[in-house]
Structure formats: structure tokens, C-alpha cells
There are 2 protein chains.
Amino acid sequence: MNSSRPVTIKDIARRFRCSPSTVSRALNDHPAINEDTRKNIQEYAKEVGYQRNEVSLSLLNKKTASLGVVVPTISNYYETAVIEGLHTVLQPMGYTLNICVTNESYLLEKESLSKLLSNRTEGIFLSVSQETYDAGYYEHLENVIQRKTPLIFIDREYEDFETSRATVDDYHGAFAAVEHLISIGYKQIAHLKGPNGLTVSEQRFKGYINCLKKHNMPIREDLILNTNFNVESAILPTKRLLELASPPDAIFGVNDQVAIGAMRVAKDKGLRIPQDIGLVGFDNSPISAYTFPSLTTVHRPGRKIGMEASRLFLNQLNGSGDFAPESIVLPSELVIRESSLRI
Amino acid sequence: MNSSRPVTIKDIARRFRCSPSTVSRALNDHPAINEDTRKNIQEYAKEVGYQRNEVSLSLLNKKTASLGVVVPTISNYYETAVIEGLHTVLQPMGYTLNICVTNESYLLEKESLSKLLSNRTEGIFLSVSQETYDAGYYEHLENVIQRKTPLIFIDREYEDFETSRATVDDYHGAFAAVEHLISIGYKQIAHLKGPNGLTVSEQRFKGYINCLKKHNMPIREDLILNTNFNVESAILPTKRLLELASPPDAIFGVNDQVAIGAMRVAKDKGLRIPQDIGLVGFDNSPISAYTFPSLTTVHRPGRKIGMEASRLFLNQLNGSGDFAPESIVLPSELVIRESSLRI
DNA sequence: GAAATTTTTTCAAACGTTTGCATTCAATAT
DNA sequence: ATATTGAATGCAAACGTTTGAAAAAATTTC
């Protein structure tokens, strides 16, 4: 039947026995086009549902108006908040976001980046996968840099790389969280740490350690256990903590998920929160305000990070040749709720 | 300095004093190319970081290998699960996903679709925005249909539209949830409903109503209140429910978020769950297993929906001309946990 | 050594659009 | 009547790649 091939400018030109140039100009309201011609062509175009082929334009102008977002996962609150922030700024400017999920795999990350470059994506927002980080690979990034495609790190980053980045001040957030626990009077503060090596994990860990040091509190290795950012991964470590001969009287979780897992285990054991054990998370995810008791946490402005990252991208894009990478570090903010408010 | 314009086939051709065709064939391991030529060209290409311009290929082959995903939001567990499912199937096949967030706005939805069509996206996965649904607009969809771009509905849909769709059996899930509450012995079951009009809301509501009817239980209008799918929106309605002269002894929330909001309010009031009040949610989000008490809920296989939707898309793409839309309805499954297990 | 064959390379068109420049045609000025 | 203007349109190239067919070069055959 009708083969449903999209209508092109040439089709319209044939119909009006004129040249493609005329049609193009008519559709773009070029002044040097007869008023009637313009009207007729525009009407007809609308009628047949003409929609211009942006692919050809991309080729012509070397502008694709598409951006890549490469993240390890999209099932966490923070990641989606960042993406929403990117969207907020960039969608209205006509940019399209290509989301690539790497599932913490180096290979997928490498392939995603290569694909994005092949597609002539105009900028890339990257939060490196854990595997990439562990292995310390970065040749796949050299490629991006060489192409001078703006590369913006969000969340997880390589510290010694000459690019812009927008991150949250994890260190001081963690520091504040632990200091808050200390100020309340908790003495044995455990830390459910994130995976080793990742900046996020290490910065929060460092905040935890340095705060304890500052207050001359002993650092007990047995109160520091690893998790994997999700609820499940907090269950066993928390059980181990609470079965210690000298168990902690407070736990600082690397994020809200982990803290909620810990909360669950503590309650199962019959502990009262915050009387018997204090809890603090990190992220200020929506749910944290509605757990029982509500969770003290550190606000991590994901949307803002997304918006700032957009800004960094735009700066780099419009910047003159001698571009200097910018680093934005947004402050995190302690949000005190019930889970730590022992009186 | 070096203008960093990406290396093209023509550049390489110039370098070897041969034609672009030869370079193209060499790079693609075409048999009719001299072994030496091939090797030299491939080596050089690697050296200078040649990466073929997929945009030009898209234009030539009328294939973009990119798909659109248009959703109201990405900050819910379910949506991200669906997207992950789409990714799982389609990323390995070389497809790129363009995520468009409509923020429940008709205008944004319309613009997103138009943009996707202009970009010659090869398929669109759509969960319509609330505004679109309320207004009953659908001309923007006609456009997609007319172009014969495969359109797959996920989650929220128009029922009288001739397209494929992958959805979850909300009705029976809700029915099972309420029947479970009844079987436990709850008598006054409230429902925190989703926004009116959306299929998801209405199907779950219908399941609730029909189950009550089946068991000859009275339907009390005052036990049915609206929410907006998120935690906050459940707070006030729940308070109102619990302040009734004859308050409910169980609440069926339209999703986990809402149920968790209700849980929080109930606990604040000093009610014991499930003894004083039973609670059931919907979605089986990761957190629901770790609330205290853990939340009885209905599993909604988001990942699977994404994967099924991918399948539907591929079917339609490879299908012969006489394409018949398919409807996949995945079963939902009651997950019984503590919040409803009054003994 | 020429013809036939095989291998290798080039040509040209195509995808859809825009745009500087040239061209056409009609109207106005001289 | 002719030159001059101005408006409207057409031409052709460009973006980067692939591909069937033609051409050229190398090799084999007699």
C-alpha cells in the first residue's frame, strides 16, 4: 500500500514543480520567497505531515543536539535526580539525552562511550563504573578527550583527569553526620562503608575517620564494614555489628538504603531507635523522611548537581579555545530527624 | 591548533592517495581489497582514532538504531525498572535509548514525540502523561501511527488505540491484595487511590471494589481517598482516615510509597501494625521488604515489562506488513509480609 | 606477446537538507 | 526601446558513508 516513507522536501518540490531550495526556504520563512508560494507549501507540508529529517541536518551542520549520560545504574534515587536535573536544563534547549547504563561494567562503559562518539554526541556526562574504577582503566576516556567532546564527571570521578566535574561535598557531609552523633552523646559509632575505592565511599569514610580523630575517639576497625549501597547488603554487616561483644551505639550508613537496612535489623533485635542505637544515612532520599523513626541523613542535591553539570557543559561548549576545566563541589547538608535524636 | 575535527574516510583516502570507496571497503573487511592496503589503512585508522560517522550512515540507510522512551517521570522504582528491562534487551542489539521525561505535561509529551519523529527514531515506548490522559488528547499519537513508527505502550495506556502494549495485571493484583486482607479478618478496608482517570489507578480501584462486592462487604465512600503516588501525598489522606469516627482497620495503598506514608502516620498515632491496622502496598519496591514491619505488597515485574515491551517492538519491526498489535498482560503477584499478618 | 581472466581500484549516485551565488522574469526608470 | 532594478527561483555543492557497476591494473593462459 502506501509505503509510509516519510515525506521529504523533494516530494513536496515535485508536487509544486519547484526546486527543493524553494521548499526549504518556504518552510523556513525565508524572506525571498513569494508569499503565496510560502503559504501553499506550508499548508501542504502540514497536510501531509512533513517533518524535517534532523539526521540530514545533523550531518550537514555537524550538530546532533544529543548528549550522552553514562551511569552505572538508574535504580537509585540520586542518579535519577541527577538525570532529572540534566533534563530540566537541557531538554528546553533542544538537547536529547541518551542514557547508557553500564551496570558497573568496564566493557559496557567503553562500548557506550564509543557508540556515543560514533553518533557524534556533543557532550558526555559520566559517572564511572566500579569495574572501571577498580581497574584504573582510562584509555576509553582519552578517546573522548582527544575528540574534544566535553566530558563532565558526575558523582563518581577520576581525580587526576583534566575535565569539569560536579560533585557533592561528601567529606564534610559525612563529617557533619558523625559530629552530630558525637554531639548527641553516642560513643561507639560504626560505619557501614560503601565499596572500597570509589571516591564517594572513601570521602565519606574519611569524613567519618577524621571526625572521630578530631574528637579523640578511638577508631575501632571492627566497627567498619563494607556494603554495596543497597538495602540487602546492609543486613548481614549490621547483624555482625550488633552481635559484637561491644556493639556500637550508633551507625553511620554510607547512604539511606544502607541505613534503612540497618534500621530494620536493629528493630528486629528489639533495639529502640534512637534510644538504644542512633542511625544516620546519606542522600536524603524521599523515603528517609517517612521511615519510623524518620531517618537523620545528609542531603545530597542530585537535581542541583544535574543542573550544575549542565552549566559546566554549556560553559565548555561556548568557551573559547583555551578551556579551563571547572570543578563544582556542592555542599551537602545535615538533615536531623528522629533516628539520631536521643534526648 | 589542531582543529580536532573528527577524522573522516576522505582524510584517510587523501593520506593514501586512494578513493574513499577503497578506504570504506578496507575498514569493513571487504574481500575485494588488497591485503596490504587493508592492513595499512586499518592501522592508520586506528592510529588516528578514526571512528565512523554513524549520522551519515543513518541518513544513507534510513536506520538510526535509536529508540524513544517517553515517561512521565523517572523517579519511581517501577519506571526505572522498566527502563532497565528495555536496556537489557535492546542495548546489546545496538539500540540507543532516548529518554524523554514529560513531567506529566501534555505539551512536553507532544514535543518529545515530535522530536523523536524528526530524529527518525525507530520505535517509541510510551507511558502517557496524566495531563494527556485527563484531556484525552491523542492527535500527537496519530502522527506516530501515520509514520508507522512502532509505538508500544508501557504502564499507562490508551485503551482504544491500535498498538501493542505491555502492562501488568493491576486488577487481579489489587483484587488479590484486598482478598488477602479480608481473609486475615480485616473488616473496614480503606483504599488510598491513585489519581483519577489513569488506567493504573482505576484498575486497582476496580479490583478493590469488586473484591469487596464479591465478599459482600459494604463499600464506604469515606474510606476511599486520592493520592498522587508519592509518600507525601499519602500523609493527609491517611490522617483523615484515622480520624474518622469509624476508622478503617486496614489500608490498601495504590503503591508502596503511599502505603509507607500511611505506615508512618499510623505509627505516629501509636497504632500497631498489623494488630491495629493492616497495610498493603503495590509494586514490591526494594524498600518494601525492609520497612518495619515489612510491607505486604503486590509484585509488579517492571524489568519483565521492559523486556516484553522490547519483544513487542521487535515483533512489530520484523513483522510483515499486516501487523496485528499484541497486548501482553503480565500477572502481578501478592507478596505477603508482616504488615498484614495479624494472627 | 596477445588475449583472457582475476584482482584491485575508482566512479558516481544516493540519503535529505541548507545556502551562496547565479539566473530568470517582470516591473520600473531612463 | 533599452537599461536598471528587484523579486523569486534554481543550481550545485556540501555533510560522510556505502555500493553496484565500470575501469584499471595485475596475473594467468595459450
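Note: hydrogens, waters and symmetry copies are ignored here, and every other heavy atom, side chains too, is used. Below, chain A is the first sequence line, B the second, and so on; all start at residue 1.
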Exercise. Which residue, B/L59 or B/P20, contacts DNA chain C at a nucleotide closer to its 5' end, judged by nearest heavy atom?
Worked result: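 The answer here is B/P20.
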
Exercise. What residues form a ring-ring contact (aromatic ring centres under 6.0 Å, His included) with A/Y50, not counting sequence neighbours?
Worked result: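 Partners of A/Y50 under the ring-ring contact (aromatic ring centres under 6.0 Å, His included) test: none.
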
In whole Å, I'd like the distance from the [atom1] atom of [X] to the [atom2] atom of [N].
X: A/L27; N: C/dG16; atom1: CG; atom2: C1'; answer: 13 Å
X: A/K10; N: C/dA14; atom1: NZ; atom2: C1'; answer: 8 Å
X: B/D11; N: D/dT17; atom1: CG; atom2: P; answer: 9 Å
X: A/I9; N: D/dT9; atom1: CD1; atom2: C1'; answer: 15 Å
X: B/I33; N: C/dT6; atom1: CD1; atom2: P; answer: 19 Å
X: A/L60; N: D/dT17; atom1: CG; atom2: P; answer: 15 Å

Tell me what [X] touches on the nucleic acid: a base, only sugar-phosphate, or nothing, going by heavy atoms under 4.0 Å.
X: A/K62; value: sugar-phosphate
X: A/N61; value: nothing
X: A/T37; value: sugar-phosphate
X: B/T22; value: base
X: A/L57; value: sugar-phosphate
X: B/R17; value: sugar-phosphate

Under 4.0 Å: is that the gap between some side-chain N or O of [X] and OP1 or OP2 of [N]?
X: B/Y50; N: D/dT17; result: yes
X: A/S56; N: C/dC15; result: no
X: A/N34; N: D/dA8; result: yes
X: B/K63; N: C/dC15; result: no
X: A/S24; N: C/dT18; result: yes

Exercise. Are A/Y133 and A/Y138 near enough that their ring centres are under 6.0 Å apart?
Worked result: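 No, the ring of A/Y133 stays outside the 6.0 Å limit from the ring of A/Y138, centre to centre.
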
With a 3.5 Å cut-off and heavy atoms only, can you find an N or O donor on one side and an acceptor on the other between the side chain of [X] and the base of [N]?
X: A/R5; N: C/dG16; result: no
X: A/R25; N: D/dG10; result: yes
X: A/S21; N: D/dC11; result: yes
X: B/R52; N: D/dT18; result: no

Problem set entry | Candidates C/dT10, D/dG16, C/dG16 - which lies nearest the side chain of A/T8 |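 Closest nucleotide to the A/T8 side chain: C/dG16.
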
Exercise. Are the charged groups of A/E43 and A/K46 less than 4.0 angstrom apart, N to O?
Worked result: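 Answer for the salt bridge query: no.
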
Exercise. Quick one: do A/R120 and A/E122 make a salt bridge, cutoff under 4.0 Å?
Worked result: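 No, A/R120 and A/E122 are not salt-bridged.
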
Problem set entry | Neighbour count >12 (heavy atoms, 6.0 Å) for atom CZ, A/F16 |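 Count over threshold, so yes.
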
Exercise. Counting heavy atoms not belonging to A/E35, are there more than 12 under 6.0 Å from its CD?
Worked result: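 Correct, the count exceeds 12.
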
